Amino acid sequence: MHVIVCMKQAPDPEGPRDAFFINTQDTRVEPRGIPPALSLFDENALEAALRIKDADKENVKITVLCAGKKVSGAVLLKALAAGADSAVMVQGQGLEMENQDSFSSAGLLAAAVAKIGPFDLILTGRQSADSNAGQTGILLAGLLGVPAVSLAQKVSPDKEHVLVERVIQGGCEKLKVPLPCLAVVGNEAGELRYPAMKERRLAKNKPVLDWSMEAMGLDVAPDKKVVLRKLFAPTTRSRQCRFITGAMLAQVLREDQII
Amino acid sequence: MALSDYHYEMSHCHRCSYCKFIPFQLIKSKRFSYLCPSITLRNFHSFSAGGRAALGLAIAEGRLDQYTEMMKQIVFECTMCGACQVQCRTFNFNLNPIEVMQALRTHFVEQGEIVPEHMFVIEGLKREDNVFGEPKKHRGDWAEGLGLKDISREKVDVLLHVGCRMSFDDEFWSVLKMAVEIMQCSGLSVGIAGSEESCCGGRALEMGFEGVFNTFAEAMAGRVKASGAKQVVTLCADCYGTFQEHYPSHGWGLDAEVVHITQFISHLIDQGKLKFKNKIPLSVTYHDPCHLGRRGEPGVQWKGEYKRLAPHLFGPVPEKPIRLGRNGCYDAPRDILQAIPGVELTEMERTREYSWCCGAGGGVLEAFEEMAEKTAHERLLEAEATGAQALVTACPWCERNFRDTLDSSGGSLKIYDIVELVHQAMGGE
Amino acid sequence: MGVVLALVELGRDNKVLPVSLEALSAGKRIAEACGSGLTALVMGSGVDEAAESLRHYQADEILVADHPLLEHYHPEFFAQSLDRICRTIKPGFLVMAETLQTIDLAPRVAFALEAGLVTGCVDLEFDSGETLFIKPVYSGNVMAAYSVEGEPRLATIRAKSFEAAEPGKNSLSDIRSIAIQLDRQGAEIQVVERVLNDHGNGQGLETAEIVVSGGRGLGGPEGFEVLRELAKELGGAVGASRPPCDLGWIAPSVQVGITGAIIAPDLYIAVGISGSTQHVGGMEGAKTVVAVNEREDAPIFKIADYGVVDNYATVLPAFLEGLRQNR
Amino acid sequence: MTIPIEAKKALEEALGSENVSDDPGVIETYSYMNGLGSGATGYWWARPACVVLPGSTEEVQKAVIICNQHKLRFKAHSTGWICCALATSKNCVLMDMRRMDGLEIVEPDGYVITEPYATAGETQVEAMKRGYNPHLVGAGPNASNLASATSMQGTGGTSVRTSMNERNPLAIEWVLPSGEILRLGSLETPNAGWFCGDGPGPSLRGMMRGAAGNIGGNGVFTRIALKLYPWYGPPYECEGRPPFFKSKALPLGYVRYVSWKDRDLECDALYRLGETEILDYSNRWSASALMSSLAISNQDYREMKKKGELHKVFPNGYWTFFFNANSQRQYDYNVKVFEHIIKDTGGTIIDPRDLGDPAYEVAIQNAVRAQWIGKSAYMPTGSNTGVPPLTYETIDQCMKFSLDETISVKKEWIAKNKIYNDGEDNAYACLDENGHFLHVEHAAHSDWAEPEAEPLGIILKGYGRALEKGLGPAYMSMPAGWAKRSEYSRYMVQIQRMIDPNRAADSMLTNAAETMGA
Amino acid sequence: MTAKSRLAQIIGDSQVSDDPADLEGFSTDHSYAGKTTPALIVRPGNPQEIQNVVKLANEMDLNLVPVSSGAPRFRGDSVPSVDGAVIVDLSHMKKIMWINRRNRVALVEPGVTFGELQTELNKHGLRAMFPLAPKSNKSVIGAYMEREPFTVPKYAWDLGDPVAGAEFVLGDGNTMRTGGAAGPAETLEDQRKTGGAQKLPMSPIGMDFRRIAQGSSGNFGICCWISLRCELLPEQEQVFFAGADSPAPLMEAARRFLTLRLMDELYVVNSLNFACLLKTSPEKIHALQEKLPPWILVGGVAGCGDLAKDQFDYKVADLKDEANRFGLSMTPRIGGVSGSAYLSQVVRKCAEGAYWKLRLKGDCREIFFLTPPHKAAGYVEQALDMAGKAGFKEDRIGVYLQMAIQGAVCHCGLDYYVAPDETDSFQPLFMQTSQALFENGAYFSRPYGPWADMVYPRYETFAKYARNLKAIFDPKGVMNPGKLCFKEN
């Protein structure tokens with residue numbers, strides 16, 4: 001079984017806010033002091049894939065697909081160390097978040113998937129850590145003409161189908177979808193495992209393909225429908241913490257008409 | 001500051017090669033004239049502060065459209081020992097190579113040009129608050145049964161910040177216990193954060209992960225403040241240097257005096273609170289850990305820019321403090337060694353601000369084995385050349401690297417932490 | 001230009017979700033700015049009552065698509081229906097609240113209509129005839145303004161970002177029914193089972209006005225029992241930071257943070273949560289934050305309005321006691 | 001230009017792949033230079049095609065042969081200072097000689113065998129332990145003795161005693177651009193060693209250099225012997241912390257600043273001082289240069305300049321003189337005759353200590369180790385273009401005729417904002433060989449951050465002035481000067497072509513010569 | 001037209017000679033260079049005439065052998081190696097073109113001898129650097145162009161000293177000036193107008209023809225004049241001696257004295273050469289030799305310039321101390337010879353009457369080479385040992401050890417005094433000794449005559465490039481062919 005996990009790299013969202021320097025002139029975010037990281041959402045997707053592989057180590061092969069203006073090999077190594085078998089990176093000018101929308105991203109990924117070859121299952125994260133759009137997975141499925149399920153917290157394939165647990169309000173529903181298909185994985189799928197030293201070393205020998213846009217047969221980034229107009233800093237409220245005792249808490253909140 | 005903020009500095013390197021040597025006033029022999037481990041190992045000028053400044057300049061000016069593995073090696077195969085910073089001022093007083101190199105690393109990390117080993121260190125650090133990725137809950141294991149105060153429960157006079165290396169490398173636990181015993185001579189209440197202690201963040205910063213560093217620094221500042229401690233004592237030069245240089249230069253303050261164990265002990269000796277009963281007949285030489293010495297010099301946050309002062313004359317406005325490492329901690333360990341009866345101290349050729357690095361710092365130990373080992377080996381040879389029986393130092397990272405190197409290269413030199421000698425002289429077991 | 005179509009989502013009880021009224025209000029702002037009409041769309045099975053309840057809300061028209069296959073949300077049936085409706089009425093905009101349902105639905109419709117979609121909008125701007133959709137990007141560290149090419153322009157609206165639409169005094173909106181053709185055989189996705197738990201209260205974290213969250217400091221799953229009691233007392237929802245979810249102390253679906261729910265309740269009570277960036281990114285929009293942590297140096301106090309430095313096991317019973325005493 | 005893959009492979013085989021790099025990042029670091037001779041292009045120069053690190057003469061030879069075979073050029077550099085160290089052709093393989101940094105003092109014979117990357121400072125330290133002192137070029141102790149002796153110029157403050165570097169080489173081992181190894185002097189005589197560099201018969205040292213070298217055009221000098229001079233007294237030692245170190249007192253060392261109001265009397269004094277043969281060091285400089293050495297920042301420098309105190313002390317520049325005697329008698333005689341001559345010529349002697357400790361340290365460290373001269377030459381702007389006429393002849397010619405010509409050229413450039421206003425007179429000069437000749441050069445600072453900066457022009461202007469006035473020979477001025485004395489350049493180019501049939505050596509001069517049509 | 005008539009056209013009939021007696025004088029010398037009689041002798045009187053001669057030689061394929069000193073000659077470099085050679089006798093160009101006290105410089109033509117020059121220099125308070133008691137007709141240029149050592153090693157910075165600038169007519173007929181004379185001002189007068197004095201020893205850049213030409217036996221061109229560095233004439237001077245049984249301790253002390261620059265004239269000779277320098281007949285020589293220690297260090301202490309007496313006094317006092325450290329005493333008299341007598345007869349003096357090397361036996365064969373100073377004694381011992389074994393008595397071998405280039409090298413001169421009829425029988429020993437010394441590290445820096453075949457096979461690359469250089473400056477090979485490495489194979 002061949003599982004492709006689409007993983008995006010974006011500046012580490014857990015970095016401090018001032019690390020996201022906004023270049024208003026060029027409408028671009030320039031990270032300061034923080035590395036790119038695998039999108040945490042996509043780490044959930046990889047974890048879901050690894051759990052499938054856990055169940056059938058011999059037959060499940062995981063390919064990580066990572067597209068962007070610039071893909072960090074070191075960062076991608078984390079996915080390989082965690083257990084992916086190989087990686088494909090697609091790099092090229094114009095592939096930065098500020099220049100892309102979900103349609104163009106999906107188009108690029110679709111081309112890459114076609115070049116990778118046959119697959120049984122594609123997993124993506126719920127959304128990217130940069131644009132936070134949350135559409136690419138479903139659009140990609142559409143372009144590939146395969147069914148898609150989103151908000152998956154558990155993905156269990158058999159030979160012809162995949163059983164997906166999808167999060168719904170107050171619970172979940174189990175959906176059965178024929179293969180090949182795509183599942184958009186939610187954070188409920190769990191945190192990506194932490195690779196041991198040995199796996200980190202082995203990961204360096206795993207195959208990584210580096211495709212340029214030219215190799216993809218794409219001259220420029222595909223058309224897009226959503227256009228970024230400006231970027232600005234969020235307004236944050238400054239808070240002054242008033243320290244009180246537990247016994248006083250209810251009283252104080254009431255006095256201040258919080259409750 | 002971003003890489004491009006160092007444009008003036010990078011574009012005013014004289015290419016004089018001073019950054020590779022100890023100051024020419026002070027050279028004592030050809031054999032030990034170099035001071036930069038990087039250039040000594042890799043030979044390409046690129047592996048010197050000057051080369052790195054040129055690389056940074058090329059990147060900042062957009063002359064390079066790609067990053068290569070070699071470039072990554074140039075940037076990261078350096079212990080960030082700061083020797084170049086001390087030397088560089090001979091021909092130009094406006095350059096700060098170590099800052100440029102720090103900015104270069106941060107830039108590379110921002111660009112995703114990360115050394116994989118470093119990335120995993122950072123991953124572990126983010127998960128478990130230590131650079132080894134070891135379970136956080138074991139961090140205080142060394143102190144079990146010592147009856148040390150827990151700062152989360154009570155206020156203390158002195159916070160002992162142990163650091164990752166000593167917390168998780170059990171070979172150092174005995175040294176820690178000795179240190180606690182010595183510290184208790186002071187009569188002050190000594191506390192630790194135990195399993196809640198976290199990394200100082202220095203390693204993360206020097207690996208280029210400034211954002212991660214800031215997170216840890218912020219936590220550290222909060223923890224120190226909450227502990228009520230007047231002093232933070234550390235046995236680790238890496239932590240010491242981080243607190244002294246990196247915290248202030250990144251705008252973080254600790255509401256307590258940062259004291260290295262050697263300074264603490266030296267003070268105890270001065271106060272007469274520590275008396276030596278035993279004579280230790282031993283000839284020693286002392287290795288200055290970089291982050292205790294030149295990189296232990298207090299840092300200052302500078303916010304300004306290079307401005308035109310007159311035609312063709314540019315300078316930092318406001319004046320940028322000139323950091324030459326002279327205000328690091330050099331005397332305390334020497335005073336201690338001289339106070340221990342029987343110990344005879346012989347200096348190596350490269351000492352104090354001009355110390356040759358042990359090879360462990362700046363992420364090298366984690367990612368560049370050959371450099372770590374060869375750099376330590378060079379220092380061991382220099383120590384041996386003094387004729388001393390033992391090499392004494394005051395940082396677990398140096399000790400670790402020296403011991404490992406000695407194991408593989410052989411040699412009769414003994415490696416001590418200065419605390420061990422103090423404890424022995426006190427009459428301890 | 002076509003109308004602004006606002007999708008109104010119904011709860012499990014077939015009543016209008018409050019968050020949909022916020023989407024309606026967003027739709028109204030667009031309609032006013034563009035000088036076009038606002039149409040509310042109710043989809044489901046047996047939704048007359050819900051449609052009727054919307055008549056006071058200033059929509060020019062209420063469309064009702066009623067079909068047995070729309071009883072529960074099914075990705076394909078809902079997407080097909082909405083696609084056809086849009087093709088029929090050719091709206092200029094399609095807005096909906098960002099919910100677990102539309103997270104799935106909106107991109108499907110966007111694909112079907114080849115239309116641009118901006119998800120999770122928190123504000124709107126109108127600039128020389130162009131509608132800009134404002135949303136947080138880079139996990140809330142940066143705000144972005146997007147425009148959408150072509151029609152319809154799709155957007156989902158994040159809860160608590162817009163004031164909910166208020167019922168008007170004057171005219172009542174017309175209700176129009178729209179026929180939907182659906183075939184069960186046309187679906188590739190089969191619903192095998194639907195599992196509901198008790199804790200949801202039918203109310204999502206995103207829409208709750210009070211959220212009580214627990215972190216690693218709770219020490220184990222039993223700590224969440226106390227939290228549930230507190231949430232019940234306050235009429236709020238229970239949330240968690242990431243570690244308890246990863247450790248299995250509580251269902252991951254209640255995770256609050258940049259990889260979980262991003263919420264903005266009126267009151268947020270963080271118990272045993274240190275305040276990592278990951279967590280803060282999900283809750284800093286809360287109006288009031290109360291933090292309970294035994295470590296004085298916990299970063300959570302930096303973004304809290306009220307802080308209690310103590311063990312939760314001491315604080316929460318006292319708090320509950322206080323709440324009950326003066327009720 | 002990128003290096004052909006076969007050539008790179010061949011180099012890797014010859015030198016080891018770790019010693020060959022055409023990595024773009026490495027290439028960039030070898031195309032930067034913002035020190036001496038910042039040219040028309042700013043601080044970026046030609047990118048070499050490849051950088052290699054040969055470890056032995058044989059490896060150098062292999063690399064040179066590979067360059068010949070693949071129609072590449074090559075240039076070797078040692079510590080890499082000044083623009084001449086860089087590639088000037090696009091297809092250049094740059095040889096960084098860092099791995100060849102050996103030095104061996106042959107104690108009884110009084111010479112040092114040095115490899116390219118050994119520095120003058122290191123040589124001095126080892127020499128002094130054995131009662132010798134090497135010649136130190138004014139550039140500083142970081143400079144490579146070999147490079148200066150074979151390929152560049154090589155005067156310095158100690159030249160009054162130790163001469164300049166054209167005069168100091170003994171035997172020479174030299175990989176010619178053709179790839180052949182040429183060994184000069186005693187070297188090929190069995191068991192002879194390195195003590196002599198001329199002959200047998202004609203001296204082929206004559207095709208190596210004149211007052212200046214060929215700056216890479218001659219191939220690679222892999223090892224040379226340099227004669228050492230005596231050092232009286234204990235090795236110089238210094239302690240302390242930067243920027244101002246504390247020198248240990250030399251028992252019979254004497255260092256003074258001297259200035260004259262009258263240029264003619266100054267020259268008289270220089271002739272007479274030279275004839276006494278007492279000096280171990282002589283260096284002229286300006287108040288501006290002294291401030292550069294003393295200042296710890298540009299702002300500090302600017303304050304000093306505003307106060308102008310040093311300009312009041314040294315309105316006409318000043319000389320630093322140093323001698324180190326072997327005996328008290330010698331010391332007493334030296335002091336006596338020194339003071340006698342200065343007094344007789346109306347000069348003023350200033351003990352540097354009277355200007356403060358830093359001034360003393362600058363004086364003594366300059367005198368012994370050529371330590372701060374470089375800083376004076378480069379600061380405060382960070383770069384220096386030595387301005388011709390750069391006369392190199394008699395004391396009279398340099399100090400009277402040349403100095404004023406240069407100042408007039410500099411005035412023009414300062415007025416146009418093309419160089420920094422350092423007070424116009426910022427000339428450094430040193431006596432050679434007891435005053436038999438003298439070298440003078442003028443510092444001209446500029447900063448590329450200044451939009452008007454144009455340091456190159458002043459060189460050409462200076463050349464022009466030197467030729468026009470017949471001052472000279474102006475070293476480095478040859479490309480321009482060749483037009484006047486064509487037979488010289490013609491033969492030089494012929495020699496070049498003879499040792500370099502495939503035009504493999506990359507030399508700024510050779511390139512310039514080609515451009516001049518010589 | 002014949003070469004003779006063409007030459008006569010250029011420089012005048014009287015300056016061209018094919019008189020067999022004249023030619024015979026140039027056909028051989030006191031060396032093993034063999035005998036080749038030249039075809040013609042020309043005596044140009046100025047640089048222009050030299051140039052014309054060289055141009056003609058290029059045109060007519062003549063071979064030119066430049067000679068500037070008079071007989072006796074010892075090196076074989078002026079004996080033609082090929083038939084039909086034209087001797088260019090420069091000894092008539094006797095102009096002392098300029099003496100400048102301020103810059104301590106003199107310009108001389110090839111025919112000027114040391115005696116003539118010093119006489120003029122005396123008037124300006126200057127002195128020239130003298131080789132050890134040169135023959136009276138020794139050309140200054142001849143000595144210096146062949147890197148002959150001189151007796152004041154503290155002024156010997158370089159083997160090329162004391163030549164500063166020079167003018168040459170190259171082998172191809174062009175003119176070249178070197179050093180401070182190179183320009184950029186065209187004429188010497190123009191150079192002097194701006195303070196220039198042809199003082200710089202180095203040519204401008206990239207190469208230095210003077211250095212190439214020195215030691216080349218005239219293979220690259222003919223020197224028309226040189227400017228040479230002079231030093232102040234001492235106001236006070238005294239010669240001291242120290243004796244020893246072997247040369248080694250004297251050399252050791254001498255090197256120390258040189259380090260301290262306590263002495264001007266400074267060299268070591270054996271008693272035989274010391275006696276030869278002072279005495280004119282074999283008997284007197286032997287008589288003096290009897291009174292002398294076997295080895296003698298000769299040191300001249302001088303006071304010059306400002307406070308000359310103070311300088312002299314401190315040097316004398318220091319010399320005493322330093323000599324003591326070596327267990328030597330520097331005395332003003334040795335073997336009855338006073339320092340002042342030595343000063344007046346030998347220092348800055350040309351040999352009067354018969355040249356001192358011919359006084360003992362009428363002929364002399366020289367072996368000379370360079371060595372580091374501390375090895376000189378060893379080579380001397382080796383040579384004497386070989387001579388002894390071959391039955392050539394030690395009392396017929398004169399030795400002169402002269403340091404140069406600041407003590408890095410020592411010229412080691414072995415003078416084998418032979419009777420004119422002994423020269424052939426001495427030849428095998430001469431060659432064996434040379435060969436043995438060479439193998440042992442003695443550096444024959446001026447490999448004249450048969451030494452060329454000994455030395456150059458070891459210097460293949462060197463010889464190749466030397467020949468390539470010659471091809472540049474003397475493309476037709478008209479200059480003194482067959483010498484050194486410039487033999488046709």
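Naming convention: chains lettered A, B, ... in sequence-line order (proteins, then strands); numbering from 1 in each chain. Values below: all heavy atoms of this structure, side chains included; hydrogens, waters and symmetry mates excluded. What you are looking at is a predicted structure, and each value in this text was computed from that prediction instead of being measured.
Considering only heavy-atom pairs separated by less than 4.5 Å from chain E, the leading option among D/Y232, D/Y229, D/F195, D/F401 is D/F195. Across D/T162, D/D344, D/D268, the residue that shares the most heavy-atom pairs under 4.5 angstrom with chain E is D/D268. The greatest number of non-hydrogen atom pairs below 4.5 Å with chain D, out of E/A463, E/G305, E/P447, is found for E/P447. Ranked by non-hydrogen atom pairs under 4.5 Å with chain D, the options E/E231, E/R192, E/K483, E/K375 are led by E/E231. For the options E/V105, E/D190, E/N174, heavy-atom pairs under 4.5 Å to chain D are most numerous at E/N174. Note on D/Q330, D/K469, D/K336, D/M208: by heavy-atom pairs under 4.5 Å with chain E, the leading option is D/Q330. By number of non-hydrogen pairs under 4.5 angstrom with chain E, the leading residue of D/Y333, D/Y111, D/F437, D/W231 is D/Y333. Among the candidates E/D158, E/N103, E/T194, the residue making the largest number of heavy-atom pairs closer than 4.5 Å to chain D is E/T194. Interface check for chain E: of the options D/G201, D/C267, D/A192, D/P230, the most heavy-atom pairs under 4.5 Å are formed by D/G201. The greatest number of non-hydrogen atom pairs below 4.5 Å with chain D, out of E/L484, E/V455, E/L469, is found for E/L469. Between chain D and the residues E/F473, E/Y448, E/F438, E/Y465, the largest count of heavy-atom pairs under 4.5 Å involves E/Y465. Across D/H340, D/Q494, D/E275, the residue that shares the most heavy-atom pairs under 4.5 angstrom with chain E is D/E275.
To the nearest 0.5 Å, atoms OG1 (D/T394) and CD (E/Q198) are separated by 9.5 Å. Taken from CZ in E/F462 to CD in D/E188, the straight-line distance is 9.5 Å, to the nearest 0.5 Å. A distance of 8.5 Å separates CE of E/M176 from CZ of D/R490, quoted to the nearest 0.5 Å. In this structure, E/I205 CD1 and D/Y392 OH are separated by 12.0 Å, a value rounded to the nearest 0.5 Å. Atom CZ of residue D/R497 and atom CD1 of residue E/I472 lie 10.5 Å apart, to the nearest 0.5 angstrom. To the nearest 0.5 Å, atom NZ of residue E/K464 and atom OG of residue D/S178 are 6.0 Å apart.
Heavy atoms closer than 4.5 Å to chain E are found in both the backbone and the side chain of D/I499. Heavy atoms closer than 4.5 Å to chain E are found in the backbone of D/I181, but not in its side chain. E/A308 does not touch chain D: none of its heavy atoms, backbone or side chain, sits under 4.5 Å away. Heavy atoms closer than 4.5 Å to chain E are found in the side chain of D/M164, but not in its backbone. Contact annotation for D/E433: both backbone and side-chain heavy atoms come within less than 4.5 Å of a heavy atom of chain E. For D/L170, the part sitting under 4.5 Å from any heavy atom of chain E is the side chain, from C-beta outward, and nothing else.
Each of D/Q397, D/H436, D/E393 was scored for a side-chain hydrogen bond (donor to acceptor under 3.5 Å, both in side chains) with E/K199, with one residue passing: D/H436. Each of E/D321, E/L262, E/T259, E/L260 was scored for a side chain to side chain contact (heavy atoms under 4.5 Å, CB included) with D/N326, with one residue passing: E/L260. Of the residues listed (E/Y456, E/W451, E/F444), the one engaging D/P200 in a side chain to side chain contact (heavy atoms under 4.5 Å, CB included) is E/Y456, and it is the only one.
Using a distance-only test at 3.5 Å, with no hydrogens or angles considered, no donor-acceptor pair links the side chain of E/K193 to the main chain of D/G470. Of the possible donor and acceptor atoms, none in the side chain of E/Y459 sits under 3.5 Å from a partner among the backbone N and O of D/L184. A donor-acceptor distance shorter than 3.5 angstrom exists from the side chain of D/N191 to the backbone of E/E439, with no hydrogens or angles considered. Put simply, the side chain of E/Y443 never gets that close to the backbone of D/G193: no donor and acceptor are under 3.5 Å apart.
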Between D/S203 and E/R147, is the side-chain contact (heavy atoms from CB on, under 4.5 Å) condition met? List the steps.
CA-CA 10 Å; D/S203 180; E/R147 300 198 301 256; 3.9 Å; yes
Apply side-chain hydrogen bond (donor to acceptor under 3.5 Å, both in side chains) to the pair D/T276 and E/D306, showing each step before the final yes or no.
CA-CA 7 Å; D/T276 64; E/D306 282 286; over 6 Å; no
Step-by-step side-chain hydrogen bond (donor to acceptor under 3.5 Å, both in side chains) determination, D/N334 to E/Y314
CA-CA 10 Å; D/N334 287 359; E/Y314 105 73; 4.9 Å; no
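Between D/E277 and E/K315, no side-chain nitrogen of the basic residue sits less than 4.0 Å from a carboxylate oxygen of the acidic one, so the salt-bridge criterion is not met. By the 4.0 Å N-to-carboxylate-O rule, D/R205 lies too far from E/D208 to be salt-bridged with it. Ion pair E/R211/D/E166 flagged as a salt bridge, since at least one NZ, NE, NH1 or NH2 atom sits closer than 4.0 Å to an Asp/Glu carboxylate oxygen. With salt bridges taken as basic N to acidic carboxylate O contacts below 4.0 Å, none links D/D109 and E/R255. Using a cut-off of 4.0 Å between Lys/Arg side-chain N and Asp/Glu carboxylate O, E/D161 and D/R167 are scored as salt-bridged. With respect to the salt-bridge test (charged N to carboxylate O, under 4.0 angstrom), the residues D/D396 and E/R102 qualify.
For the 3.5 Å distance criterion, the side chains of D/N434 and E/Y155 fail to qualify, holding no donor opposite an acceptor.
Listed by chain and residue number, D/F221 satisfy the ring pair (Phe, Tyr, Trp, His ring centres under 6.0 Å) test with D/W174 (two or more places apart in sequence, or in another chain). Partners of E/Y379 under the ring pair (Phe, Tyr, Trp, His ring centres under 6.0 Å) rule, at least two apart in sequence or in another chain, are E/F369.
Not less than 6.0 angstrom separates the ring centroid of E/F209 from the ring centroid of D/Y491.
In this structure, E/D310 and D/V337 have side chains that are not in contact, with every pair of non-hydrogen atoms separated by 4.5 Å or more. You'll find the side chain of D/D198 stays beyond 4.5 Å of the side chain of E/S445, heavy atoms only. When side chains are defined from C-beta on, D/C196 counts as touching E/L159, because their heavy atoms get closer than 4.5 Å.
Counting all heavy atoms, side chain and backbone alike, E/M207 lies closest to D/I495 at SD-CD1, 3.8 Å.
Annotation: E/E460, atom CD; neighbour count of heavy atoms from other residues, nucleotides and ligands within 6.0 Å does not exceed 12.
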